[in-house]
Amino acid sequence: MDGSQALTRKTKYPMTDQELDQLSINTIRTLSIDAVQQAKSGHPGTPMALAPLVYTLWNRVMQFDPEDPIWPNRDRFVLSNGHASMLLWSILHLTGTKAVNADYERLGQPSVTLDDIRRFRQLDSKAPGHPEYHWVSGVETTSGPLGQGVATGVGMAIAQKWLAARYNRPGFNLFDYRIYAVCGDGCMMEGVASEAASLAGHLGLGNLCWVFDNNHITIEGNTRITFTEDIAARFQGYGWNVLRVGDANDIDRIETALDVFKRTLDRPTFIILDSHIGYGSPHKQDTAAAHGEPLGEDEVRLTKRSYGWPEDAQFLVPDGVREHFAAGIGVRGAKARRQWADLFASYATKNPELANEIDLMQRRELPLEWDKNLPVFPTDPKGIAGRDASGKVLNVLAQNIPWFLGGSADLGPSNKTTLKYEGAGDFQADSPAGKNLHFGIREHAMGAIVNGLSLSKLRAFGASFFIFCDYARPAIRLSSLMELPTIFIFTHDAMGDGEDGPTHQPVEQLASLRAIPGLVTLRPGDANEVVEAYRYVIQLRHQPAIFALSRQALPTLDRAKYASAKGVAQGAYVLADAPGGDPEVILIASGSEVSLAVEAYEELVKDGVRARVVSMPSWDIFERQTPDYRKSVLPPSVKARVAIEQASTFGWERYVGEKGRVIGMHTFGASAPLKELQKKFGFVPDQVVAVAKEVLRG
Ligand SMILES: Cc1ncc(C[n+]2csc(CCOP(=O)(O)OP(=O)(O)O)c2C)c(N)n1
Ligand SMILES: [Mg+2]
């Protein structure tokens with residue numbers, strides 16, 4: 001009798017539920033093993049160990065309807081140890097989860113087919129190397145940079161609390177979903193997870209559960225060489241409810257622990273799950289070799305034998321397995337979603353405005369009159385700081401858009417991001433409707449949490465000093481990768497905080513953010529450019545944006561004399577021009593250097609030089625304009641060009657060309673009052689005029 005007959009005999013109906021549980025778990029395991037073996041790359045060991053956990057979560061616990069993976073009240077599943085992606089591809093396939101498109105339309109076709117799994121890690125397969133939000137329906141967040149997933153889950157948990165506080169009504173628990181995140185040693189070692197866990201504990205997020213795959217193995221071997229802390233004590237210290245399940249194969253105990261989580265409402269739950277990486281592999285179980293390479297054909301056979309699986313069968317989904325999922329999560333999820341739809345329909349008749357908000361939010365659309373009362377700043381030579389203008393705009397937007405919220409990493413008073421209007425409120429455990437989030441001094445987690453809020457369809461912002469965007473950068477990058485319309489507000493964008501010195505003076509940050517594909521980087525030049533920058537950003541549905549804003553006052557330009565700030569929507573525009581629009585030299589500037597360029601321009605004009613000033617708040621937006629428009633702003637025939645920006649000169653060659661010059665930074669700055677720094681580094685009108693004339697002479 002060969003293996004397949006053995007399985008057929010075993011899988012003959014009627015099977016007991018227990019047999020079906022085991023068969024389903026082993027299907028996840030063997031699909032994962034086969035996919036990695038076929039791809040000749042990937043991570044088989046952790047799916048083999050965690051198949052029972054994922055099975056239990058999905059088929060017994062989670063409220064998730066495979067027919068509609070974006071149903072708003074679904075439980076969220078985050079695979080933070082994203083290298084174990086085959087767990088996700090297996091479960092999405094076996095549950096028959098359906099695909100949706102970027103416009104949130106349900107497509108009816110499967111999210112992950114068996115063919116995708118056969119083509120694991122291959123071009124265009126819906127079973128890529130790591131979980132990719134926006135590429136595979138049913139993936140709640142992109143994960144792979146360890147620690148990001150769990151931290152993003154904290155944002156999802158905050159979002160659920162906020163949504164419940166704003167929209168639930170007696171008898172209408174529209175939002176009562178939970179967030180489950182699975183993580184490994186790597187996630188627990190990464191600092192971002194600690195930041196996020198600390199905040200989650202402080203906020204008492206009882207809707208959040210992390211399951212820690214305690215297998216004592218990472219790439220370099222046993223964790224005795226790196227990771228020996230008392231993790232239970234650590235999470236208890238954070239204020240979490242800590243549970244332990246000593247056997248990752250014991251699905252009843254896993255279910256019991258998850259039940260304890262559901263009943264623990266006042267704090268997040270941390271489940272330590274003792275597991276064996278590569279479970280069932282005679283030679284690789286409990287070794288680092290099971291982590292990140294195929295088992296090898298012989299070992300695959302031996303492993304399948306140990307599961308009682310036909311040794312030669314590949315990508316086998318035995319009869320009864322899909323049906324078992326359909327009878328579990330399928331029935332439970334469909335019922336939950338149907339009940340929710342009925343609930344929502346009757347909610348909508350009683351609370352049409354709130355229901356409309358929920359509808360708009362789900363599609364990332366904006367309410368009518370979202371831009372009413374946006375300020376217009378009068379001409380003012382003294383002007384106003386970018387951060388102050390931003391603060392005024394934020395306070396208007398947050399009132400116009402109910403689900404617009406955010407906060408700073410302890411710099412609200414400096415970033416001017418505090419929402420001060422009556423009723424804005426602070427988000428805390430006992431006031432979850434508040435719109436001012438306090439991230440504490442945790443920029444990295446802040447970035448991930450903003451992503452989690454955005455994945456939950458809230459319009460969210462985070463803030464800090466520009467120099468510290470580096471601390472949030474991994475999450476900002478993921479925002480862009482996930483095509484999320486997050487907003488990051490960074491103030492003190494250059495040498496404006498002079499006395500704080502080089503540790504606080506951003507130099508290379510602009511260039512590095514401009515290098516992130518899809519991210520909109522904006523450095524507005526005066527208060528009205530700040531308004532227009534927000535007007536542009538708020539309308540984005542699938543792109544993140546960062547603002548680099550000045551700490552110091554910048555003159556508010558006379559828009560009757562110079563061009564309208566509406567030009568911000570083109571990324572760069574002609575602010576001041578030579579007579580007849582026929583310049584011989586072009587000054588290009590962003591942010592605080594725009595008014596400097598205008599001053600230099602006035603001098604040049606006096607000296608009879610035909611100069612043009614281009615305000616360029618955003619390279620990214622400019623690059624998206626038509627070639628004709630770009631040529632009209634920077635005519636190819638005008639080779640004499642000077643770019644002025646208090647930042648690394650890196651990249652400006654593309655706009656100034658071979659004959660042009662860049663007045664920028666080549667060092668980290670210095671600690672001194674702003675005026676002295678401007679002089680030392682050449683950001684004064686005389687210097688700009690001199691360089692412009694030099695460039696003109698050729
Ligand atoms: C931020 C980050 N650093 C490094 C890696 C590379 N990496 C992927 S998996 C891994 C080991 C993870 O160990 P663990 O979380 O215990 O996973 P297990 O092998 O137990 O599944 C490393 C270092 C990564 N993905 N992300
Ligand atoms: Mg491990």
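Start at 1 and go down the list; that is how both ligands and their atoms are numbered.
- At least one cation-pi condition fails for Lys126 and Trp89: the charged atom is not both under 6.0 angstrom from the six-membered ring centre and inside a 45 degree cone around its axis.
- Salt bridge Glu311/Lys304: absent, no basic N to carboxylate O contact under 4.0 Å.
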Which is it for Glu229 and Arg234 under the salt bridge (charged side-chain N to carboxylate O under 4.0 Å, His left out) test, yes or no, and what are the steps along the way? CA-CA 8 Å; Glu229 70 200 27; Arg234 174 178 152 200; 2.4 Å; yes
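- There is a protein heavy atom closer than 4.0 angstrom to atom 12 (C) of ligand 1.
- Residues Gln63 and Arg332 form a side-chain contact, since some pair of their non-hydrogen atoms from C-beta on lies under 4.5 Å apart.
- The residue among Gly144, Ala49, Ser80, Ser143 with a heavy atom at the shortest distance from atom 24 (C) of ligand 1 is Gly144.
- Contact annotation for Asn215 and ligand 1: only side-chain heavy atoms (C-beta onward) come within less than 4.0 Å of the ligand.
- The protein atom (non-hydrogen) at minimum distance from atom 8 (C) of ligand 1 is Leu146 CD1, 4.1 Å.
- An N or O contact shorter than 3.5 Å is missing between Thr218 and ligand 1 by distance.
- Of the charged side-chain nitrogens involved, at least one lies within less than 4.0 Å of a carboxylate oxygen, so that Arg244 and Asp274 count as a salt-bridged pair.
- The protein heavy-atom contact nearest to atom 17 (O) of ligand 1 is His83 NE2, 3.2 Å.
- In this structure, His504 has its ring center no closer than 6.0 Å to that of His492.
- Neither the backbone nor the side chain of Thr223 has any atom closer than 4.0 Å to an atom of ligand 1 (non-hydrogen atoms only).
- Below 3.5 Å of separation, one finds no N or O of Gly184 facing any N or O of ligand 1.
- Using a cut-off of 4.0 Å between Lys/Arg side-chain N and Asp/Glu carboxylate O, Asp65 and Arg74 are scored as not salt-bridged.
- Among the backbone and side-chain atoms of Ile217, an N, O or S atom lies under 2.8 Å from the Mg ion (ligand 2).
- Contact between Asn81 and ligand 1 is absent, with no heavy atom of the residue lying under 4.0 Å from the ligand.
- At a 3.5 angstrom cut-off on N or O pairs, His291 counts as close to ligand 1.
- With a 4.0 Å heavy-atom cut-off, ligand 1 is reached by the side chain of Glu190 but not by its N, CA, C or O.
- Using 4.0 Å as the threshold, Pro145 has a heavy atom nearer than that to some atom of ligand 1.
- Among the atoms of Thr218, none of the N, O or S atoms falls under 2.8 Å from the Mg ion (ligand 2).
- With hydrogens and angles disregarded, no donor-acceptor distance shorter than 3.5 Å links the side chain of Asp75 to the backbone of Tyr177.
- Shortest contact from atom 21 (O) of ligand 1 to any protein heavy atom: Thr46 OG1, 2.4 Å.
- Considering just the N/O/S atoms of Asp185, the one nearest the Mg ion (ligand 2) carries the name OD2.
- Gly186 N, 3.5 Å is the protein heavy atom nearest to atom 14 (P) of ligand 1.
- At least one donor-acceptor pair under 3.5 Å links the side chain of Arg119 to the backbone N or O of Leu123.
- Residues Phe261 and Tyr180 bring their aromatic ring centres within 6.0 Å.
- In summary, no N, O or S atom of Asp213 is located under 2.8 Å from the Mg ion (ligand 2).
- In terms of polar-atom proximity, defined here as any N/O pair under 3.5 Å, Ile219 makes no such contact with ligand 1.
- Side-chain atoms of Thr113 come within 3.5 Å of backbone N or O of Asp116 as a donor-acceptor pair.
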